[in-house]
Enquirer: 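The structure's right below; bear with me while I get my questions together.
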Amino acid sequence: MTLFQMEVLVAVTNTGSFTRAGEQIGLSQSGVSHTIGALEKELGIFLFTRSRSGVKLTEAGEKIVSSARTILENVSLIKQVAAESSGHLEATIRIASFPSVTAQLLPKLLKSMQSHYPHMQTKLYEGSYQEIKEWVRSGVVDVGFHVWPDDELEGVLLTTDALHAVVPANHPLAKEPSLTLEQLARESFLMPMAGCHLLIGAAFANAGLTPNVSYEIADNTTILAMVESGVGVTVVPSLTLPAQLPDVAVIEITPPLSRQIGLAVRSLREAPPAVQAFLREAERIAPTL
C-alpha cells in the first residue's frame, strides 16, 4: 500500500464519485479506478460497491478508510512539525463553515492568516450545522465553525451573535422598541431552517409557547423577501442580515436571544500545529470579528 492510494481512497469516499475524486486530486477517472482496483486486489476485498448513482463504501471499506484518514493525518502532522521547527509552517487546512460566517467572519480571519502564515493554504467546505459536526468528527475537515457549546466536540468560543425579530415595515409591531416571543407566537411565523430552527424552537418551547409556523425556509434572502411581502414574521441571527435591508423592521427580542459561535475540532490536544495556529489566530482577532 502507498500513501497515494490512501489519498485516492479518501478522495473517493469524500466525493462519492471516481470522476469527482479525480478532479479533486488531478487524476483521470480511469486513473482513480485503476488505483482503487490495485488497492482492492492487494487487500483481497472490495472497498466500494458501484452503481449508476455513484460508489458507496462496503462495511470493510468504512473501517479501512477510517484508518486511511488517520494515516494521512499523521503524515501531515509529521510534515507540519518539521516545517514549524524550521520556521516555515506549511500546510493546507480544511475549514468548514456555514453561510453567514463565511460571508461575515471568515474573510477577515483568512486575511490575517495569510499575513502571518503566508505558506499556509486553506480549503473551504460550506454546509449546515449538522454537516459541519459530522465532517469534523469523521475527519473530512480539520476545523469547523459551529454553534457552541457541543458536548461531542472540543474547540474555542469566538463570538456571540444576537438574534432579532424581523417584521414587515408596515406591520403593527414594527414600531415596538422590542418584542417578546409571546408576541411573535401570535403571528404567522417563518421558521429559518439553516440550523437556527433548533435554537429558536427551543427558545419558544422553554417559554411554553408554540410558534404558528406557516413556512420553513432555508435561504436567508428568501425569508427576508417573504417577510417584506407580508407573509409573516421571523427571528434571525444578526450575521445573516444584509447591509442593505429590504422594507422590513429589525427589532430586539426581550429577553435577549443569541447563538454562540466557535471553532470546533475533534481534539484540541491532538490538533496539528497548523490547526493550532489557526485557532490561536482566530482567538486573537475574535474581538474584532
Enquirer: Can you list every pair that meets ring-ring contact (aromatic ring centres under 6.0 Å, His included) and has a residue in residues 158-203, with sequence neighbours left out?
Expert: Phe189-Phe204
Enquirer: Does Met226 share a hydrophobic cluster with Leu173, counting links as ILVMFWY side-chain heavy atoms below 4.5 Å and allowing steps through other members?
Expert: no
Enquirer: Of all heavy-atom pairs between Pro168 and Gly232, which one has the smallest distance, and what is that distance?
Expert: CD-O, 3.8 Å
Enquirer: Would a distance-only check, ignoring hydrogens and angles, find a side-chain to backbone donor-acceptor pair under 3.5 Å from Glu42 to Met1?
Expert: yes
Enquirer: Can a side-chain donor-acceptor contact be found between Ser238 and Arg259 if the only test is distance below 3.5 angstrom?
Expert: no
Enquirer: Would you say the side chains of Glu281 and Ser112 form a donor-acceptor pair under 3.5 Å?
Expert: yes
Enquirer: Using only atom types and a distance under 3.5 Å, with no angle test, would you say the side chain of Ser66 pairs donor to acceptor with the backbone of Glu62?
Expert: no
Enquirer: Would you please name every residue forming a side chain to side chain donor-acceptor pair (under 3.5 Å) with Ser267, sequence neighbours left out?
Expert: none
Enquirer: Spell out, as yes or no, whether a donor-acceptor pair under 3.5 Å connects the side chain of Glu154 to the backbone of Leu268.
Expert: yes
Enquirer: Do the side-chain N and O atoms of Glu126 and Thr102 include a donor-acceptor pair separated by under 3.5 angstrom?
Expert: yes
Enquirer: Salt bridge (Lys or Arg N to Asp or Glu O under 4.0 Å) with Asp150: which of Arg137, Lys133, Arg266?
Expert: Lys133
Enquirer: Check whether the side chains of Lys123 and Thr92 place a donor and an acceptor atom closer than 3.5 Å, and report yes or no.
Expert: no
Enquirer: Keeping the roles fixed (side chain from Arg94, backbone from Gly139), state whether a donor-acceptor pair exists under 3.5 Å.
Expert: yes
Enquirer: Quick one: does any side-chain atom of Glu228 pair with a main-chain N or O of Asp247 as donor and acceptor, under 3.5 Å?
Expert: yes
Enquirer: How far does OG of Ser33 sit from CD of Gln29, to the nearest 0.5 angstrom?
Expert: 5.5 Å
Enquirer: So which pairs with a foot in residues 4-44 pass ring-ring contact (aromatic ring centres under 6.0 Å, His included), sequence neighbours left out?
Expert: none
Enquirer: Heavy atoms, side chains only, cut-off 4.5 Å: are Val147 and Leu199 in contact?
Expert: no
Enquirer: Do Leu241 and Leu224 have side chains that approach each other closer than 4.5 Å (heavy atoms only, starting at C-beta)?
Expert: yes
Enquirer: Are any non-hydrogen side-chain atoms of Leu190 and Val227 less than 4.5 angstrom apart?
Expert: yes
Enquirer: What about Leu124 and Val136, same hydrophobic cluster or not, with Ile/Leu/Val/Met/Phe/Trp/Tyr joined at side-chain heavy-atom distances under 4.5 Å?
Expert: yes
Enquirer: For the atom pair CD1 (Ile200) and CG (Leu184), what is the distance rounded to the nearest 0.5 Å?
Expert: 10.0 Å
Enquirer: Going from CD1 on Ile223 to CE on Met193, what distance comes out if it is rounded to the nearest 0.5 angstrom?
Expert: 10.0 Å
Enquirer: Would you find a donor on one side and an acceptor on the other, under 3.5 Å apart, between the side chain of Thr288 and the backbone of Ile285?
Expert: yes
Enquirer: Would you give me the side-chain donor-acceptor pairs under 3.5 Å for residues 206-215, sequence neighbours excluded?
Expert:
{"from": "Asn206", "atom 1": "ND2", "to": "Ala202", "atom 2": "O", "distance (Å)": "3.2"}
{"from": "Ser214", "atom 1": "OG", "to": "Ser188", "atom 2": "OG", "distance (Å)": "2.4"}

Enquirer: What I'd like to find out is whether the side chain of Leu158 reaches to under 4.5 Å of the side chain of Phe145, using heavy atoms alone.
Expert: yes
Enquirer: Under the salt bridge (charged side-chain N to carboxylate O under 4.0 Å, His left out) rule, collect the residues that match up with Arg69, sequence neighbours excluded.
Expert: none
Enquirer: Side-chain contact, heavy-atom cut-off 4.5 Å: Ser51 with Lys56?
Expert: no
Enquirer: With a 3.5 Å distance limit and no angle check, can you tell me whether Glu40 reaches the backbone of Leu47 through a side-chain donor-acceptor pair?
Expert: yes
Enquirer: Is there a donor-acceptor pair under 3.5 Å between the side chain of Glu131 and the backbone N or O of Ser128?
Expert: yes
Enquirer: Please, which pairs that meet ring-ring contact (aromatic ring centres under 6.0 Å, His included) have at least one residue in residues 93-114, sequence neighbours excluded?
Expert: Phe98-Tyr129
Enquirer: Hey, are Thr15 and Ser17 close enough side-chain-wise for a donor-acceptor pair under 3.5 Å?
Expert: no
Enquirer: Only one of Ile64, Leu9, Val8 forms a side-chain contact (heavy atoms from CB on, under 4.5 Å) with Leu39, so which one is it?
Expert: Leu9
Enquirer: Using a 4.5 Å cut-off on heavy atoms from C-beta on, say whether the side chain of Leu3 contacts that of Val75.
Expert: yes
